[in-house]
Amino acid sequence: MAEKQVLIWNEALETMPRLELETLQLARLKEAVARVTATVPFYKDLYAKANVSDDDIQSLEDISKLPFTYKQDLRSHYPFGMFAVPVGELRQIHATSGTTGKMTVTGYTSSDMEIWAETMARVYTAGGATGDDMIHNAYGYGLFTGGLGFHIGAEKIGATVIPVSGGLTRRQIEIMRDFGSTVLNCTPSYALVLSEAAAEMGIDLRTDTKLRIGFFGAEPWTELMREDIEARMGLEAYDIYGLAEIIGPGVSVECPYHTGLHIAEDHFYPEIIDPETGDALGYDQLGELVFTTLTKEGLPIIRYRTRDRTIRRAETCSCGRTMVRMEKVLGRTDDMLIIRGVNVFPSQVEHVLLEFEELEPQYVIYVDREKDRLDTLEVCVEACQPVFAQGEAVLAEVTRRVRAAMQETLYVSTIITVVEPGSIQRSLGKAKRVVDRRGLG
Ligand code: DLL
């Protein structure tokens with residue numbers, strides 16, 4: 001493989017000899033388990049029931065003696081029940097939407113914010129960004145961790161950040177061209193939308209802008225999409241992964257060799273397990289990613305089931321980092337859909353539909369990603385007979401109201417198609433409610 005220019009933010013930690021790293025991880029793991037047992041009633045009860053404690057952790061493999069933490073645990077302790085510090089010690093709060101309409105809330109102490117900035121500084125540096133860069137940050141600012149996570153990392157490396165957030169696509173193109181943006185942060189699907197808008201405006205992003213690096217994540221994307229984005233934008237595309245429960249963006253990122261995403265293992269301990277049995281799987285085996293935060297104070301979390309499916313790779317990387325890599329996320333073990341970076345659960349859709357007396361509880365969700373377009377979410381649902389018989393004007397009005405209710409719950413626009421009763425195929429076994437045509441996973 002040809003040699004690449006490699007920059008490393010924190011050489012001492014990111015290239016630490018494995019043995020030293022594992023010693024550090026073990027010490028931090030024991031400490032984290034002791035801390036959550038002392039400060040979070042949920043963990044105190046969980047470990048008492050399982051009859052385990054930090055004393056049982058004598059090696060990193062011993063982590064498998066501890067029970068898992070699930071998204072549902074965070075939901076049932078909404079909003080702050082899983083926090084290990086008084087709310088007043090938090091500096092920032094973020095949240096993501098969920099199945100029951102309840103959000104998953106995460107919070108950061110000063111020290112957590114520092115860890116987040118550090119891991120995001122590693123991300124930028126891994127992709128070759130420096131303090132000289134003009135960073136166009138098109139991830140959404142707000143409760144979503146994308147915007148602010150990328151923002152604090154840009155500040156940390158001393159770059160200039162344009163906090164443009166999402167939307168107003170044409171204006172974004174003008175900003176990129178006129179301000180001289182060199183780095184672009186957004187979801188991969190939004191990168192395609194940007195490139196399409198640029199073409200419509202007669203702007204060639206490869207020659208009319210200074211873009212050179214892109215950090216794309218928050219949703220699954222394929223190698224083909226990478227090639228497409230790189231060709232249209234004239235930049236090098238890096239995959240970045242993370243989740244709000246663990247820290248937000250910054251859990252792992254590619255280096256210039258693009259042979260998987262290096263995990264910030266000194267802060268986030270990764271495991272791969274069999275999602276059915278919960279048993280630990282080794283390197284090179286496909287399974288569900290599980291993370292333990294080793295250093296977080298606000299919302300420490302032990303053995304969190306991410307539901308993301310991937311493979312860990314242990315071979316040393318030409319970039320010199322010793323941190324293990326995970327392959328691009330292949331999809332999820334559960335049914336959560338990610339539409340334009342927003343998490344959507346089929347059960348949320350069902351919940352909205354069942355509120356309408358005018359509808360039958362028969363529906364199919366179609367997810368599409370047409371070439372160069374954002375993901376579309378279509379909900380096809382049957383009207384009940386008396387409503388259907390009233391004709392087009394009534395159906396149009398119902399459609400409008402369902403669309404509005406869906407937008408309010410999902411935070412994403414949907415196409416609603418109300419069809420004749422009986423026209424959606426019935427199933428003898430489990431109903432297939434979701435047809436994902438994006439070809440991922
Ligand atoms: O999406 C954090 C983030 C923001 C990552 C910006 C990268 C860039 P959540 O909203 O909590 O956090 O969603 C987390 O998104 O469990 C994965 O299923 C998915 N995901 C995140 N990054 C990637 C990626 C942010 N690079 C969920 N590839 C995760 C595939 C990803 N899926």
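In listed order, ligands and their atoms are each counted from 1. FYI, side chains are in, hydrogens and waters are out, and symmetry mates aren't considered; it's all heavy atoms of this structure.
Listed by number with element, the atoms of ligand 1 under 4.0 angstrom from any heavy atom of Thr96 are 10 (O), 11 (O). Those atoms of ligand 1 that come under 4.0 Å of a heavy atom in Ala244, given as number and element, are 9 (P), 11 (O), 12 (O). Every atom of ligand 1 with a heavy atom of Asp239 under 4.0 Å away is listed here by number and element: 24 (C), 26 (N). Heavy-atom contacts of Ile338 reach the following atoms of ligand 1: 15 (O), 18 (O), 19 (C) (cutoff under 4.0 Å).
Note: His258 and Tyr238 have tilted aromatic rings, judged against thresholds of 30 and 60 degrees for the angle between ring planes. Between Phe144 and Tyr139, the angle of the ring planes lies from 30° to 60°, which puts this pair in the tilted group.
Looking only at heavy atoms of the protein, atom 18 (O) of ligand 1 is closest to Asp308 OD1, 2.6 Å.
Sorted by first and then second residue, the salt bridge (Lys or Arg N to Asp or Glu O under 4.0 Å) pairs with a member in residues 256-265 read Arg18-Glu265; sequence neighbours excluded. Note on residues 281-295: pairs passing salt bridge (Lys or Arg N to Asp or Glu O under 4.0 Å), not counting sequence neighbours, are Asp284-Arg313, Glu288-Arg305, Glu288-Arg307.
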Practice item. Applying side-chain contact (heavy atoms from CB on, under 4.5 Å), run through Val251 and Thr119 and close with a yes or a no. Key: CA-CA 7 Å; Val251 173; Thr119 53; over 6 Å; no
Exercise for review: Would you check, one step at a time, whether the test side-chain contact (heavy atoms from CB on, under 4.5 Å) holds for Arg122 with Val253?
Suggested key: CA-CA 9 Å; Arg122 292 185 194 178; Val253 70; 6.0 Å; no
Practice item. For His262 and Val324, run side-chain contact (heavy atoms from CB on, under 4.5 Å): C-alpha distance rounded to whole Å, both residues' side-chain angles, the deciding distance at 0.1 Å, then the answer. Key: CA-CA 6 Å; His262 289 279; Val324 297; over 6 Å; no
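Tested against Arg369, the residues Asp436, Asp375, Asp228 include a single salt bridge (charged side-chain N to carboxylate O under 4.0 Å, His left out) partner, Asp375.
Under 4.0 Å from ligand 1, the heavy atoms of Glu219 that appear belong solely to its backbone. Looking at Thr145 against ligand 1, only its side chain comes within 4.0 Å, counting heavy atoms.
Looking at Gly242, Ser252, Gly250, it is Gly242 that brings a heavy atom closest to atom 5 (C) of ligand 1. Residue nearest to atom 26 (N) of ligand 1, selected from Leu148, Ile247, Ile240, Asn185: Ile240 (by heavy-atom distance).
Close to ligand 1: Phe150, with a non-hydrogen atom less than 4.0 angstrom away.
Checked against a 3.5 angstrom limit, the closest N/O atoms of Ala218 and ligand 1 fall inside it.
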